[in-house]
Amino acid sequence: MNSLQHAERQVPSDTKGSRADFLAVLDHLGILQFSGLDAEAFLQGQLSCDVARVSPRSSTYGAYCTPKGRMLANFLLWRDEAGFFMALSRDIVSPVQKQISRFVLRSRVKVSNASDSMLLAGAAGAQTERALAGMFPDLPAKSGEVRSTPGTGTVARLRDGRLMVALPAEGAVQRLESCAELTDGRVWRWLDIRQGLPLVTAATQDRLIPQMANLEAIGGVSFEKGCYTGQEVVARAQHLGSVKRRMFLANVPVPAQAGDELYSDDLGDQTSGVVVNAEISPEGGYDLLAVVQSASRERSTVHLKAPGGPVLAFRALPYGAA
């Protein structure tokens, strides 16, 4: 069985995605925990999202940027009585922890890597939700809502209806297996791509401002809150309309991965963009999120890895982006 056939067996047949039944361990994600009396104020000055609006019953997307507005990470953020929790790409957890900890100074904040003490899982579909209700009797109903059960864990409803579950790591897999058969985490990653939800990894760190990856379109950037690291660049790009590269959904017939360079006929040997995320598609080839020059997307042909490389076939995102 080749890799495409294997993926077809793992990915739900409902390619519109969010309601097909599945339960998967999200081992590509890690968790940073921020605890202490000053955690909210500290994060409000570091992150692109409005941390003050995150309650124990809500979550938000967001980004952590350099002073030049380039994303070092993007994430889903929620909170409970133990503090704030940030789900981000596992391969950048340690460097992000080190970088953001430099600014704690005298603030009463502790930044901890909770990736080994907590397990993240992704779920979708009515049948799977009924099974999870045994663990979480009060599942969140609306996008962005969060419910925590003491001693059990936290579950968040995402914008497309899927659920992200955070559990204490010890015994978590066995508890999940008692609810439903676990499937490949690629299902979740592929659905993220089809939903236009990017994930900054080591391959794309410090390369994109939030708007290039459509973070403002999914509620990950606040333009009303006060200053945060990179805010001046992000705000100026928004108000001047100077973002020339945007993220689009596309398919290519050959393997692709995050960090692959993109080229377009109108720019010749000059790179036109970069692959943010890619996963094998049950419909054939690889689906990917590609940040490219908007003009090249509209009026030219975009290629993978080389000026004459495989051609990207663009598809519509489920949300509008400028």
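Among all heavy-atom pairs drawn from Val165 and Phe136, the shortest one is CG1-CE1, 3.6 Å. Nearest heavy atom pair, residue Ala156 against residue Val146, reads CB-CG2, 3.7 Å. Here the closest non-hydrogen pair linking Met71 and Val200 is CE-CG2, 3.7 Å. For Asp184 against Ala24, the heavy-atom pair with the smallest separation is O-CB, 3.9 Å. Contact detail for Met164 and Leu29: the closest heavy-atom pair is CE-CD1, 3.8 Å. Counting all heavy atoms, side chain and backbone alike, Phe103 lies closest to Phe42 at O-CE1, 3.4 Å.
Taken together through direct or relayed side-chain contacts under 4.5 Å among Ile, Leu, Val, Met, Phe, Trp and Tyr, Leu267 and Phe248 form parts of separate hydrophobic clusters. Residues Leu37 and Phe85 are members of separate hydrophobic clusters, defined by side-chain heavy-atom contacts under 4.5 angstrom among Ile, Leu, Val, Met, Phe, Trp and Tyr. Grouping the Ile, Leu, Val, Met, Phe, Trp and Tyr side chains by contacts below 4.5 angstrom, directly or via other members, places Val243 with Tyr61. Under the 4.5 Å side-chain heavy-atom criterion for grouping Ile, Leu, Val, Met, Phe, Trp and Tyr, Tyr263 is not connected to Met247 through any hydrophobic cluster. Under the 4.5 Å side-chain contact rule for hydrophobic residues, Val311 and Leu262 do not share a cluster.
Separation of atoms CG (Leu72) and CD1 (Ile100) is listed at 9.5 Å; rounding is to 0.5 Å. Going from atom CG of Leu304 over to atom CD of Gln257 covers 9.5 Å, rounded to the nearest 0.5 Å. Taking CG from Leu23 and CD from Gln127, the interatomic distance works out to 11.0 Å, rounded to the nearest 0.5 Å. Here Thr183 contributes atom OG1 and Asp21 contributes atom CG; the two are 11.5 Å apart, rounded to the nearest 0.5 Å. To the nearest 0.5 Å, atom OG of residue Ser294 and atom CE of residue Met212 are 10.0 Å apart. To the nearest 0.5 Å, the span separating CG on Asp27 from CH2 on Trp188 amounts to 13.0 Å.
With contacts defined as side-chain heavy-atom distances shorter than 4.5 Å, the pair Glu145/Arg147 qualifies. Using a 4.5 Å cut-off on side-chain heavy atoms (C-beta onward), Ile193 and Leu249 make contact. Contact of the Leu120 side chain with the Val25 side chain is not registered, since no non-hydrogen atoms from C-beta on lie closer than 4.5 Å. At least one side-chain heavy atom of Thr154 sits under 4.5 Å from a side-chain heavy atom of Asp80. The shortest side-chain heavy-atom distance between Leu77 and Val51 falls under the 4.5 Å cut-off. Side-chain contact check for Gln46 versus Tyr228: every heavy-atom pair is 4.5 Å or farther apart. Looking at Thr128 and Phe22, their side chains never come closer than 4.5 Å, going by heavy atoms from C-beta outward. Leu312 has its side chain out of reach of His303: every pair of non-hydrogen atoms, C-beta onward, lies at least 4.5 Å apart.
Between Glu40 and Lys225 no salt bridge is recorded (no basic side-chain N to carboxylate O distance below 4.0 Å). Between Glu283 and Arg194 a salt bridge is recorded (basic side-chain N to carboxylate O distance below 4.0 Å). A salt bridge does not link Asp206 to Lys68: none of the charged side-chain nitrogens sits closer than 4.0 Å to a carboxylate oxygen. Between Arg189 and Glu279, at least one side-chain nitrogen of the basic residue sits less than 4.0 Å from a carboxylate oxygen of the acidic one, meeting the salt-bridge criterion.
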Salt bridge (charged side-chain N to carboxylate O under 4.0 Å, His left out) evaluation trace for Arg162 with Asp192: CA-CA 10 Å; Arg162 287 176 292 157; Asp192 273 350; 2.7 Å; yes

Worked check of side chain to side chain contact (heavy atoms under 4.5 Å, CB included) between Val96 and Tyr64: CA-CA 9 Å; Val96 169; Tyr64 175 51; 4.0 Å; yes

Side chain to side chain contact (heavy atoms under 4.5 Å, CB included) assessment of Val111 paired with Gln33: CA-CA 6 Å; Val111 185; Gln33 179 180 356; over 6 Å; no

Working for salt bridge (charged side-chain N to carboxylate O under 4.0 Å, His left out), residues Arg246 and Glu216: CA-CA 11 Å; Arg246 300 294 307 209; Glu216 88 289 4; 2.6 Å; yes

Residues Val274, Arg207; criterion side chain to side chain contact (heavy atoms under 4.5 Å, CB included); working and verdict: CA-CA 9 Å; Val274 65; Arg207 299 184 67 172; 3.7 Å; yes

Full working for side chain to side chain contact (heavy atoms under 4.5 Å, CB included) between Ser35 and Val109: CA-CA 6 Å; Ser35 56; Val109 180; over 6 Å; no

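For Ser55, the side-chain hydrogen bond (donor to acceptor under 3.5 Å, both in side chains) criterion is met by Ser58, not counting sequence neighbours. Residues passing the side-chain contact (heavy atoms from CB on, under 4.5 Å) test with Asn251, sequence neighbours excluded: Ser281, Asp287, Arg315. Contacts of Asp50 classified as side-chain hydrogen bond (donor to acceptor under 3.5 Å, both in side chains), with partners at least two apart in sequence or in another chain: Gln44. With sequence neighbours left out, Arg57 forms a side-chain hydrogen bond (donor to acceptor under 3.5 Å, both in side chains) with no residue at all.
Environment of CG in Asp138: crowded, with over 12 heavy atoms of neighbouring residues, nucleotides or ligands closer than 6.0 Å.
Arg157 contributes no side-chain N or O that, together with a main-chain N or O of Leu163, makes up a donor-acceptor pair within less than 3.5 Å. Using a distance-only test at 3.5 Å, with no hydrogens or angles considered, a donor-acceptor pair links the side chain of Thr66 to the main chain of Arg70. Of the possible donor and acceptor atoms, one in the side chain of Ser48 sits under 3.5 Å from a partner among the backbone N and O of Gly220. Ser272 places no side-chain N or O within donor-acceptor distance of the main-chain N or O of Ser264, the cut-off being under 3.5 Å. Side-chain atoms of Ser59 come within 3.5 Å of backbone N or O of Gly144 as a donor-acceptor pair. At least one donor-acceptor pair closer than 3.5 Å links the side chain of Tyr319 to the backbone N or O of Gly196. Between the side chain of Arg79 and the backbone N or O of Gly83, no donor-acceptor pair lies under 3.5 Å.
Screening residues 109-128 for salt bridge (Lys or Arg N to Asp or Glu O under 4.0 Å) gives Arg90-Asp116 as the qualifying pairs, with residues at least two apart or on separate chains. A salt bridge (Lys or Arg N to Asp or Glu O under 4.0 Å) check over residues 169-181, counting only residues at least two apart or in different chains, returns nothing.
Checked against Asn277 for a side-chain contact (heavy atoms from CB on, under 4.5 Å), the options Thr204, Leu197, Leu289 give a single hit: Leu289.
Looking only at atom types and distance, the side chain of Thr201 has no donor-acceptor partner in the side chain of Asp91 under 3.5 Å away.
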